[in-house]
Amino acid sequence: GTPQRRDRTAYLLWPDSTDRQARTNLRHVLHTLRAAVPDADRHLHATTQTLSLHDFCTDLAAFDEALGDDDRAAVDSYAGDLLEGWYEDWLTADRVEYRRRVVAALNRLVPALERDGDLDGAVRYAERARALDRLAEEPYRALIRLHDAQGDRARAVRVYHECVATLEDELGVGPAPET
């Protein structure tokens, strides 16, 4: 809700651009936003000098609020990497951090669901963990264990072989003895 100077916002978003180019980029993004988001002006207040946002909630805020108290809600609110498809230097650290935090939540959630007997839910979230970090062995181990617990040994063995192939192809190593 606090008005932010347009020139400062433009600099923060495009620090490697000239001031003029950064302001042009900001005007273009605001135009695109207004065209793409219904009723954008209800949330975005723009003057010639400032910008401010009002009455909105981001998926990041929902994720942050739920994390720790309700990992399932946090994980469910994570729709993908932060501003996926944007390749700006200022995004990299936050994108990596949110991905790390969702993986940590999944690593807490899967065993909790398994303990509670919700094997289908545990499988679903273990699959998400594996998709987010193809080189981490814990999601593969969880899936092997869960499929075996569901009586689907063939699927457990397929997951193991996928793990072996992925680690060999990407890192040139085999799985850990625990796997």
Side-chain angles (χ1 to χ4, degrees), residues 1 12-13 29 32-33 36-40 42-44 53-171 173-179:
L12 289 172
L13 294 173
V29 166
T32 302
L33 181 70
V37 176
D39 205 20
R42 188 176 127 231
H43 304 289
L44 174 67
L53 295 171
H54 301 277
D55 302 323
F56 75 100
C57 181
T58 66
D59 53 353
L60 293 180
F63 178 83
D64 288 338
E65 188 175 319
L67 194 63
D69 293 334
D70 185 353
D71 283 335
R72 185 182 287 219
V75 167
D76 287 345
S77 73
Y78 186 86
D81 283 339
L82 178 61
L83 295 176
E84 195 166 0
W86 282 42
Y87 302 101
E88 303 288 339
D89 291 340
W90 59 268
L91 272 174
T92 303
D94 286 338
R95 183 178 286 151
V96 168
E97 177 60 15
Y98 273 96
R99 181 178 273 243
R100 184 198 65 74
R101 291 172 66 199
V102 77
V103 167
L106 284 162
N107 288 338
R108 290 187 303 269
L109 181 58
V110 169
L113 292 171
E114 186 177 6
R115 278 190 308 273
D116 292 346
D118 183 0
L119 300 184
D120 291 337
V123 166
R124 191 170 49 257
Y125 288 108
E127 291 282 1
R128 283 195 67 191
R130 180 176 61 170
L132 287 169
D133 190 355
R134 302 289 297 177
L135 302 178
E137 289 185 60
E138 182 50 40
Y140 290 102
R141 284 195 292 265
L143 285 166
I144 292 165
R145 191 175 55 250
L146 290 162
H147 289 311
D148 186 51
Q150 290 177 319
D152 192 347
R153 289 192 54 86
R155 197 162 187 191
V157 170
R158 277 197 306 273
V159 169
Y160 172 76
H161 287 296
E162 182 184 330
C163 176
V164 170
T166 300
L167 293 174
E168 180 60 38
D169 291 347
E170 297 293 326
L171 303 175
V173 302
E178 308 87 79
T179 303

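Excluded from the calculations below are hydrogen atoms, water molecules and symmetry mates; all remaining heavy atoms, backbone and side chain alike, are included.
A distance of 12.0 Å separates CG of Asp120 from OH of Tyr125, quoted to the nearest 0.5 Å. Taken from CD in Glu170 to CG in Leu135, the straight-line distance is 6.0 Å, to the nearest 0.5 Å. Interatomic distance, Arg99 CZ to Leu132 CG, rounded to the nearest 0.5 Å: 5.0 Å. To the nearest 0.5 Å, atom CZ of residue Arg158 and atom CG of residue Leu143 are 12.0 Å apart. Note that NE2 of His161 and CD1 of Ile144 are 9.5 Å apart. Values are rounded to the nearest 0.5 Å. Rounded to the nearest 0.5 angstrom, Thr179 OG1 and Arg141 CZ are separated by 4.0 Å.
Within 6.0 Å of the CZ atom in Arg153, the count of heavy atoms belonging to other residues, nucleotides or ligands does not exceed 12. Under a cut-off of 6.0 angstrom, the local environment of OH in Tyr98 is crowded, with over 12 non-hydrogen atoms contributed by other residues, nucleotides or ligands. Atom CD of Glu65 has 12 or fewer neighbouring heavy atoms from other residues, nucleotides or ligands inside a 6.0 Å radius. Annotation: Asp116, atom CG; neighbour count of heavy atoms from other residues, nucleotides and ligands within 6.0 Å is above 12.
Using a 4.5 Å heavy-atom threshold, the side chains of Arg101 and Asp64 count as touching. Phe63 places a side-chain heavy atom less than 4.5 Å from the side chain of Val102. Here the side chains of Arg128 and Arg124 are not in contact, with every heavy-atom distance at 4.5 Å or above. Using a 4.5 Å heavy-atom threshold, the side chains of Leu82 and Glu97 count as separate.
Between the side chain of Arg95 and the backbone N or O of Leu83, at least one donor-acceptor pair lies under 3.5 Å. His43 contributes a side-chain N or O that, together with a main-chain N or O of His54, makes up a donor-acceptor pair within less than 3.5 Å. Distance alone, capped at 3.5 Å, places no donor-acceptor pair between the Glu138 side chain and the Asn107 backbone. When atom types are taken as modelled, the side chain of Arg130 and the backbone of Tyr140 share no donor-acceptor pair closer than 3.5 angstrom.
Closest approach of Ala142 to Val110, counting heavy atoms only: CB-CG1, 4.0 Å. Contact detail for Pro175 and Cys163: the closest heavy-atom pair is CB-SG, 4.4 Å. Residues Ala122 and Glu114 come closest through the heavy atom pair CB-N, 4.0 Å. Taking both residues in full, the closest heavy atoms of His147 and Val123 are given as CE1-CG1, 3.9 Å, listed atom of the first, atom of the second, then distance. Nearest approach of Ala66 to Ala74, heavy atoms of both residues: CB-N, 3.6 Å. For Ala105 against Leu67, the heavy-atom pair with the smallest separation is CB-CD1, 3.7 Å.
With respect to Arg155 and Glu162, no salt bridge is recorded, no charged nitrogen being found less than 4.0 Å from a carboxylate O. By the 4.0 Å N-to-carboxylate-O rule, Asp169 lies too far from Arg134 to be salt-bridged with it.
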